[in-house]
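Each remark here refers to the structure printed beneath this line.
In this text, all values refer to a predicted model and were calculated from it rather than measured experimentally. The first residue in the sequence is number 1, and the count goes up from there. Atom set for the values below is all heavy atoms of this structure, side chains included, hydrogens, waters and symmetry mates excluded.
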Amino acid sequence: MLATVGSKDRARSAVHGDRWLVGFRFSTPQGAPGCHYYVVGEAADAREAVDIAKRRAAGAYECAARANAAIDDVEVHRLRWNPLGWAYLDSPGGPCEAPGARRAPHVSSI
């Protein structure tokens, strides 16, 4: 699903570079799967985006929101915008056009 981005956001993205979508997967104490996503705009690359998102996820509010569950896996996607202002997820091979079409690199060590 694509989302539109306002001209202010496009301008900020052009000035600050691309943003990253970092997802942390976890299992709740009841065994239910969960995932929290963070948009990181101040990172130069995927590794730095994960580090910044890890610091955000370590906050008291975020830990409580996932019931202090340990993070099991990490996924990273680059957020890109086309000339019309539509946002999409980009993996190293190109944009992800459908779920599972292309997999973004996973960083398993947290």
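Of the inter-residue distances, the one linking Leu79 atom CG with Tyr88 atom OH reads 10.5 Å to the nearest 0.5 angstrom. Note that CG of Asp51 is 8.5 Å distant from CG of Asp45, once rounded to the nearest 0.5 Å. Note that the CH2 atom of Trp20 and the CG atom of Leu89 stand 11.5 Å from one another [nearest 0.5 Å].
No close placement of the Tyr37 and Phe24 rings is indicated, their centers lying 6.0 Å or farther apart.
Side-chain heavy atoms closer than 4.5 Å link hydrophobic residues (I, L, V, M, F, W, Y) into clusters, and following such links, possibly through other members, connects Ile52 to Val74.
Looking only at side-chain heavy atoms (C-beta outward), Ile71 and Lys54 stay at 4.5 Å or farther from each other. Residues Glu75 and Asp73 are not in side-chain contact: their nearest non-hydrogen atoms beyond the backbone lie 4.5 Å or more apart. A heavy-atom distance below 4.5 Å is found between the side chains of Trp81 and Arg19.
Distance alone, capped at 3.5 Å, is enough to place a donor-acceptor pair between the Glu48 side chain and the Ala44 backbone. With Ser27 contributing its side chain and Gly31 its backbone, the two residues share no donor-acceptor pair below 3.5 Å. Under the 3.5 Å distance criterion, the side-chain polar atoms of Arg55 are left unmatched by any main-chain donor or acceptor of Val50. Side chain of Arg56 to backbone of Val39: a donor-acceptor contact under 3.5 angstrom is found.
Of all heavy-atom pairs spanning Tyr38 and Ala53, the tightest one is CB-CB, 4.1 Å. Pairing each heavy atom of Ala46 with each of Val76, the nearest pair is CB-CG1, 3.8 Å. Between Cys63 and Ala58, the closest heavy-atom pair is SG-O, 3.7 Å. The nearest pair of heavy atoms linking Cys35 to Arg25 is SG-CG, 3.9 Å. For Arg66 against Ala57, the heavy-atom pair with the smallest separation is NH1-O, 3.0 Å.
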